[in-house]
Amino acid sequence: MIARELLGKIIITNIDGITTSGRIVETEAYNGSTDKASHAYAGRRTNRTEPMYASAATAYVYLCYGMHHLFNIVTNQKDIPHAILIRAVEPLQGMEDMLIRTGKRKLDYTLTKGPGNVSKAMGINKLHTGLNLLSNTIFISEDDYKIDETEIASSPRIGVAYAGDDALLAYRFFIKGNPFVSAKPR
DNA sequence: CGACCGATCGTCT
DNA sequence: GACGATCGGTCGA
């Protein structure tokens, strides 16, 4: 499962002349047309969800609650709308700029905890939806950091109670004990 | 701590 | 016209 493999990888953004990067510590998988929690459930295909139907390594960014831009990585072949929501990263580069973007005063674990904060800190917004992630604006990289399987935990996804039985699926993955991992499900 | 609540607007029905 | 793949502040214990 790709949501698991993304843990420990690095997201780098070059936006507005600013470079920021962070290590992925929490993800959620959205399993396309069979997943009631997915925007693409039952093959729903609209202007908003169209990028999810693109091939792997495309960005799907959308506005949530009228104020948060949530960043997803599309993972499958063209026309199969699978995506991974990046829920938290551990900042690596550009913390000063992240603080400015988020309006926070001091560097703490809330800087990039939760999907809304990740996008805000890294400068990702709706304009980036549909963007190819092999571009240099937003891309995924990796370094020597290795995660052992035993460091990975899973749980049901956050905030998807409306999805019925699919809300129970353990499609959320995170690095155990990492302080940037967001709150537990409600 | 936990529970609750308001902000805020694009998207879909 | 209703409703979020959220966040941060407040309130009470």
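Just so it is clear, the values below take in all heavy atoms, side chains as well, and ignore hydrogens, waters and symmetry mates. Convention: sequence-line order gives letters A, B, ...; per-chain numbering from 1.
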Can you tell me the distance, in whole Å, between the [atom1] atom of [X] and the [atom2] atom of [N]?
X: M52(A); N: dA5(C); atom1: CE; atom2: C1'; result: 10 Å
X: L63(A); N: dC12(B); atom1: CG; atom2: P; result: 12 Å
X: L169(A); N: dA5(C); atom1: CG; atom2: P; result: 16 Å
X: K126(A); N: dC9(B); atom1: NZ; atom2: C1'; result: 9 Å
X: Y41(A); N: dA5(C); atom1: OH; atom2: P; result: 15 Å
X: H68(A); N: dG6(B); atom1: NE2; atom2: C1'; result: 11 Å
X: E26(A); N: dT6(C); atom1: CD; atom2: P; result: 11 Å
X: I158(A); N: dT6(C); atom1: CD1; atom2: P; result: 8 Å

task: Kindly confirm or rule out a cation-pi arrangement of R23(A) over F180(A), judged by NZ or CZ under 6.0 Å from the six-membered ring centre and within 45° of its axis?
output: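 No, a cation-pi geometry is absent between R23(A) and F180(A).
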- request: Measure from NZ or CZ of R157(A) to the centre of the six-membered ring of Y171(A) and say whether it is under 6.0 Å with the direction within 45° of the ring axis.
  value: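 So R157(A) doesn't make the cation-pi contact.
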message: Just checking Y162(A): does its OH atom have more than 12 heavy atoms from other residues, nucleotides or ligands closer to it than 6.0 angstrom?
response: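 Yes, because the 6.0 Å sphere around OH of Y162(A) holds more than 12 heavy atoms from other groups.
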- request: Please lay out, stage by stage, how F173(A) and M1(A) fare under the test side chain to side chain contact (heavy atoms under 4.5 Å, CB included).
  value: CA-CA 10 Å; F173(A) 302 93; M1(A) 199 166 230; 3.6 Å; yes
message: If you take any heavy atom closer than 4.0 Å to DNA chain C, which residues from residues 103-120 of chain A end up in contact?
response: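 K104(A), K113(A), G114(A), P115(A), G116(A), N117(A) - these, ordered by number, are the residues of the stretch whose heavy atoms sit under 4.0 Å from the strand.
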field: Contact list for DNA chain C against residues 31-39 of chain A - heavy-atom distance below 4.0 Å
entry: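 A37(A), H39(A), in order of number.
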query: Less than 4.0 Å between a side-chain N and a carboxylate O, is that true for K36(A) and D165(A)?
result: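 So D165(A) pairs with K36(A) through a salt bridge.
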query: Going by an N to O cut-off under 4.0 Å, is there a salt bridge joining K113(A) and E26(A)?
result: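 A salt bridge is absent here (no side-chain N lies under 4.0 Å from a carboxylate O).
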- request: Compare all side-chain heavy atoms of M122(A) with those of I86(A) and state whether any distance is below 4.5 angstrom.
  value: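 SC-SC contact between M122(A) and I86(A) ruled out.
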message: Could you check whether any side-chain heavy atom of I10(A) comes within less than 4.5 Å of a side-chain heavy atom of E142(A), counting everything from C-beta outward?
response: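 No, every pair of side-chain atoms sits at 4.5 Å or beyond.
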field: Distance between C1' atoms of dG10(B) and dG8(C) (Å, rounded)
entry: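 Pairwise C1' distance, dG10(B) against dG8(C), rounds to 22 Å.
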query: Quantified in whole Å, what is the P atom distance between nucleotide dT8(B) and nucleotide dT10(C)?
result: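 Rounded to whole Å, the distance is 15 Å.
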field: side-chain contact (heavy atoms from CB on, under 4.5 Å) partners for D148(A), two or more places apart
entry: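 Here the qualifying residues are T150(A), E151(A).
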field: Verdict with supporting geometry, T49(A) and Y60(A), side chain to side chain contact (heavy atoms under 4.5 Å, CB included)
entry: CA-CA 8 Å; T49(A) 63; Y60(A) 171 49; 4.0 Å; yes
field: Near-parallel close stack of Y30(A) and dA5(C) base (under 5.5 Å, under 30°)
entry: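 Yes, Y30(A) stacks on the base of dA5(C), since the ring centres sit under 5.5 Å apart and the planes are within 30°.
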- request: Using both distances under 3.5 Å as the test, list the Watson-Crick or G-U wobble partner of dC1(B), or none.
  value: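 dC1(B) is paired with dG12(C).
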field: dC9(B) OP1/OP2 closer than 4.0 Å to side-chain N/O of Y65(A)
entry: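 Answer no for this pair, as no side-chain N or O of Y65(A) is under 4.0 Å from OP1 or OP2.
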- prompt: Within less than 4.0 Å of OP1 or OP2 of dA5(C), is there a side-chain N or O belonging to R172(A)?
  reply: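 It does not, given that no N or O in the side chain of R172(A) lies less than 4.0 Å from OP1 or OP2 of dA5(C).
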task: Describe the nucleic acid contact of L85(A) in one word from base, sugar-phosphate, nothing, applying a heavy-atom distance below 4.0 Å.
output: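 L85(A): base contact, heavy atoms under 4.0 Å.
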